[in-house]
Amino acid sequence: MKKTTLALATLCGVTGSALAQTDLTYQKPPQEILELADFERAPLLMMDSQLKYLVFNYTNTYKTLEELAQEELRLAGLRINPVTRISSTARYYNKLTFKKLLGDQEIAFEGMPTNAQIANQTWSPDESKIAFTNTTAKGVELWIIDMATGKANLLSQANLNAVIRSPFVWAADSKGLFITVRPKNGDELIKENQVLPTGPTISNSVVGQTAQNITYQDLLQNSTDEKNFDALISSEIYYIDLNGIAKLWAPKDQYAKLALSPDGNYLLIDKIIRPYSYIVPYAKFPVLTEVYTKEGELVKTINQKPLIEHEHVGLWQPIRVNEIFLGEQINQQHSTGPKHKMVVTQPKKCLTEILYTNGKLLSLTNQVT
């Protein structure tokens with residue numbers, strides 16, 4: 001009896017060990033559950049202002065395992081794919097189609113990328129074309145769709161930098177785009193496990209200065225993070241025409257925003273500058289705002305936002321410019337919202353107007369000298 005029990009125990013142990021080593025793959029649920037969960041999302045619709053075209057943007061219902069398994073760096077409030085240089089949380093579209101509003105047939109665009117990961121779809125100013133990015137295993141490409149022919153064409157290499165926001169801005173004549181490109185002499189990323197710390201990270205508080213602050217995630221933690229952040233957001237600006245011919249427009253820097261004036265003659269550029277912070281994300285880092293001509297000539301430095309580590313809590317807020325726009329007039333988009341905003345109405349003279357949080361224009365008009 002004891003021998004039989006021992007034999008059974010040994011057999012069970014062997015069987016249990018064998019089961020523990022079984023290499024199982026991911027399984028699909030029963031068909032009834034699969035039909036409930038695996039559905040196609042309704043497409044995002046894009047329409048031109050002349051009501052000629054309706055563009056359908058289709059997306060996967062869920063991210064693929066390949067997307068979820070991609071490398072990710074979390075720096076200064078950003079989640080970045082360090083290989084492709086785009087946000088690791090980006091929501092991609094896998095198919096674009098269109099139809100004329102007076103027609104019934106939904107048509108697929110010709111020449112679209114295979115296994116597409118589409119983002120940043122933007123009409124050209126004359127609404128004859130759509131620009132979009134496609135993310136590949138190597139990086140981010142720029143593509144153009146000609147609405148007249150229904151054909152898509154690859155315009156750039158897979159070297160765009162889309163870490164912070166869309167890596168392109170249309171030129172006013174719709175004949176080209178300004179793009180942010182990964183620098184040719186860019187710094188290599190540093191792996192955390194390859195660097196030995198030389199000392200502790202010390203944070204100093206100012207005596208007598210108290211302020212409430214929000215707790216943020218994914219912040220910079222040390223000098224290695226700072227260097228990797230510099231490397232990831234650094235770009236060169238190129239002007240690229242619709243034939244794919246690119247010309248360097250501005251040298252390597254840490255560009256955070258490109259915006260074109262309504263007349264197309266000026267570009268407003270935000271650059272992230274030091275010092276950085278370990279307690280707030282990049283949106284509160286110092287920013288240098290400059291206006292350039294479309295040829296790349298510096299017109300004026302119009303603002304330098306300081307590092308913002310402590311926010312005032314309460315109904316009263318000091319007037320501070322959070323965001324700057326180029327424009328001939330103040331439109332509804334710029335005159336509402338919780339932020340103080342400055343609209344540069346005459347870039348050469350740098351005439352400015354400050355807007356208060358409730359959207360009412362203050363009687364504060366000045367010429368920046």
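- Taken together through direct or relayed side-chain contacts under 4.5 Å among Ile, Leu, Val, Met, Phe, Trp and Tyr, Leu44 and Ile130 form part of one hydrophobic cluster.
- For Gln31, the CD atom counts as densely surrounded, since its 6.0 Å shell holds more than 12 non-hydrogen atoms of other residues, nucleotides or ligands.
- Using a 4.5 Å heavy-atom threshold, the side chains of Thr59 and Tyr93 count as touching.
- Using a 30° and 60° split on the angle between ring planes, Phe229 and Tyr276 fall in the perpendicular class, above 60°.
- To the nearest 0.5 Å, atoms OG (Ser124) and NZ (Lys175) are separated by 12.5 Å.
- The CG atom of Leu298 lies 5.0 Å from the CD atom of Glu290; values are rounded to the nearest 0.5 Å.
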- Task: Start with the C-alpha distance between Ile86 and Val163, add both sets of side-chain angles, then the distance that settles side chain to side chain contact (heavy atoms under 4.5 Å, CB included), and finish with yes or no.
- Result: CA-CA 4 Å; Ile86 193 171; Val163 166; over 6 Å; no
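- Taking CD of Gln50 as the start and CG of Asp126 as the end, the distance is 9.0 Å to the nearest 0.5 Å.
- Residues Asn57 and Gln121 bring a donor and an acceptor atom of their side chains to less than 3.5 Å of each other.
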- Item | Phe98/Phe109 under ring-ring contact (aromatic ring centres under 6.0 Å, His included): CA gap, chis, key distance, verdict | CA-CA 7 Å; Phe98 77 103; Phe109 291 110; 4.6 Å; yes
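- In this structure a side-chain-to-backbone donor-acceptor pair under 3.5 Å is missing from Gln105 to Gly103.
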- Carefully, step by step, assess Arg274 and Glu226 under the rule salt bridge (charged side-chain N to carboxylate O under 4.0 Å, His left out). CA-CA 10 Å; Arg274 288 177 179 265; Glu226 291 187 44; 2.5 Å; yes
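- Counted within 6.0 Å of NZ on Lys138, heavy atoms from surrounding residues, nucleotides or ligands total 12 or fewer; the atom is thus considered open.
- The shortest side-chain heavy-atom distance between Ile279 and Tyr216 does not fall under the 4.5 Å cut-off.
- Looking only at atom types and distance, the side chain of Glu295 has no donor-acceptor partner in the side chain of Tyr239 under 3.5 Å away.
- Screening Trp249, Phe168, Trp170 for a ring pair (Phe, Tyr, Trp, His ring centres under 6.0 Å) with Phe178, the sole residue that qualifies is Trp249.
- One N or O on the side chain of Thr122 and one on the backbone of Asn120 form a donor-acceptor pair closer than 3.5 Å.
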- Task: Check the pair Asp187 / Lys252 against side chain to side chain contact (heavy atoms under 4.5 Å, CB included), numbers first and verdict last.
- Result: CA-CA 11 Å; Asp187 298 326; Lys252 174 185 172 183; 3.9 Å; yes
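- Atoms CG and OG, on Asn81 and Ser87 in that order, are 9.0 Å from each other to the nearest 0.5 Å.
- Checking Asn303 against Thr289 by side-chain atom types alone, no donor-acceptor pair falls below 3.5 Å.
- To the nearest 0.5 Å, the span separating CG on Asn60 from NZ on Lys95 amounts to 10.5 Å.
- A side-chain donor-acceptor contact under 3.5 Å links Glu67 to the backbone of Thr64.
- Counting only N and O atoms by type, the side chains of Glu40 and Thr61 include no donor and acceptor under 3.5 Å apart.
- Atom CG of Asn115 sits in a sparse spot, with 12 or fewer heavy atoms from other residues, nucleotides or ligands closer than 6.0 Å.
- Of all the heavy atoms in Pro113 and Phe132, the pair that sits closest is CD-CZ, 4.2 Å.
- The 12-atom threshold is exceeded at NZ of Lys271, counting heavy atoms of other residues, nucleotides or ligands nearer than 6.0 Å.
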- Show your reasoning for whether side chain to side chain donor-acceptor pair (under 3.5 Å) applies to Tyr278 and Glu309. CA-CA 9 Å; Tyr278 293 179; Glu309 288 192 324; over 6 Å; no
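- The existence of a salt bridge linking Lys28 and Asp38 is excluded, since no basic side-chain nitrogen approaches an acidic carboxylate oxygen closer than 4.0 Å.
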- Yes or no on side chain to side chain contact (heavy atoms under 4.5 Å, CB included) for Asn134 and Leu154, after CA distance, side-chain angles and deciding distance? CA-CA 9 Å; Asn134 178 54; Leu154 174 63; over 6 Å; no
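- Ser88 and Glu72 are linked by a side-chain donor-acceptor pair at a separation below 3.5 angstrom, with hydrogens and angles left out of the test.
- Side-chain contact annotation: Glu141 with Ser156, donor-acceptor N/O pair under 3.5 Å absent.
- Within a 6.0 Å radius of CG in Leu102, no more than 12 heavy atoms belonging to other residues, nucleotides or ligands are found.
- The closest side-chain heavy-atom distance from Ile273 to Gln304 is below 4.5 Å.
- Hydrophobic clustering (side-chain heavy atoms under 4.5 Å, transitive across Ile, Leu, Val, Met, Phe, Trp, Tyr) groups Leu232 together with Phe285.
- Taking CG from Leu155 and OG1 from Thr133, the interatomic distance works out to 12.5 Å, rounded to the nearest 0.5 Å.
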- Message: Set out, in order, the CA-CA distance, both residues' side-chain angles and the distance that settles side chain to side chain contact (heavy atoms under 4.5 Å, CB included) for Ile164 and Ile272, then state yes or no.
- Response: CA-CA 11 Å; Ile164 293 182; Ile272 297 176; 3.8 Å; yes
